[in-house]
Amino acid sequence: DAGITQSPRYKITETGRQVTLMCHQTWSHSYMFWYRQDLGHGLRLIYYSAAADITDKGEVPDGYVVSRSKTENFPLTLESATRSQTSVYFCASSESIGITDYNEQFFGPGTRLTVL
Amino acid sequence: SQKIEQNSEALNIQEGKTATLTCNYTNYSPAYLQWYRQDPGRGPVFLLLIRENEKEKRKERLKVTFDTTLKQSLFHITASQPADSATYLCALEDNFNKFYFGSGTKLNVKP
């Protein structure tokens, strides 16, 4: 089906383990984003990508690594998970950013990550 | 850094009334603001965008205003329905292409 998907939807891991969250979109959107959503903080941008092989830090990038070898995929890796990274992670994509008619972001269903 | 504030208290209104949600921002003055709807357990869904040179934008029962002097956007839902119950988020993009979202206001529309 067309759209934006995330996997896994739920993940429980232990402190210190490496975890990779997957994001896949079928629209060939140039821009992709990773956010985390925590109570009281709303959505916070972790990393974003303007195109394949172009990534940039967001508001809270520490402890996370991203890559984008293909336009449609944007995995997020927690290299050594910590309890403070327990959160709901959302991936999003958009055709463009800035003042255009195509800058709305389309969000995936989210991944609920628990770090014990 | 950029800060966006939305009323963290839930807004409870009666069906048929107009709901008004507030979004205030500090520091950077954005070229536009976006509003999203989020239902429990799901990702946000885009609703409306308003540019800095637009005072008001409408889409069906939705209306958004943008006051760059007050650094505030108001989001109105007229003739509200129980199906409008959700959390509403505002968002802006700064001039470094970074996006900031408010923590959202939960709207409860009672029949």
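Remember, it's a predicted structure, so these values are computed and weren't measured experimentally. We name chains A, B, ... by the order of the sequence lines, and we start the count at 1 in each one.
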Report task. Anything in residues 48-56 of chain B with a heavy-atom distance to chain A below 4.5 Å? Please list those residues in order. Result -> B/Leu49, B/Arg51

Report summary line: Contact list (residues 84-95 of chain B to chain A, heavy-atom gap under 4.5 Å, by number) returns B/Leu89, B/Glu93

Linking I/L/V/M/F/W/Y whenever their side-chain heavy atoms sit closer than 4.5 Å, directly or via other members, would [X] and [Y] fall into one cluster?
X        : Y       : value
A/Leu43  : A/Val66 : no
B/Phe101 : B/Leu74 : no
B/Val64  : B/Leu33 : yes
B/Ile13  : B/Leu21 : yes
B/Val45  : B/Phe75 : no

Does [atom1] belonging to [X] count more than 12 external heavy atoms closer than 6.0 Å?
X        : atom1 : result
B/Lys57  : NZ    : yes
B/Glu9   : CD    : no
A/Ile12  : CD1   : no
A/Leu116 : CG    : yes
A/Arg9   : CZ    : yes

Residue part contacting chain B, namely of [X], when any heavy atom lies under 4.5 Å:
X        : result
A/Phe106 : neither
A/Gln37  : side chain
A/Asp56  : side chain

Report task. Would you mind checking which part of B/Phe96 comes under 4.5 Å of any heavy atom in chain A, side chain (CB onward), backbone (N, CA, C, O), both or neither? Result -> backbone

Report summary line: If one checks every heavy atom of B/Phe99 against chain A at 4.5 Å, the contacting part turns out to be both

**Report entry** pair A/Tyr31-B/Asn97: side-chain heavy atoms closer than 4.5 Å
**Finding:** no

Working to the nearest 0.5 angstrom, can you tell me the gap between [X] [atom1] and [Y] [atom2]?
X       : Y        : atom1 : atom2 : result
A/Arg44 : B/Ser103 : CZ    : OG    : 11.0 Å
A/Tyr48 : B/Lys98  : OH    : NZ    : 4.0 Å
B/Tyr36 : A/Gln105 : OH    : CD    : 4.5 Å

Query raised in the report: A/Gly42, A/Gly110, A/Gly98, A/Gly58: which one forms the most heavy-atom pairs within less than 4.5 Å of chain B?
Result: A/Gly98

Query raised in the report: Do B/Tyr100 side-chain atoms and A/Glu59 backbone N/O form a donor-acceptor pair below 3.5 Å?
Result: no

Report task. Considering only heavy atoms and a distance below 4.5 Å, find which of B/Gly41, B/Pro30, B/Pro44, B/Gly104 pairs most often with chain A. Result -> B/Pro44

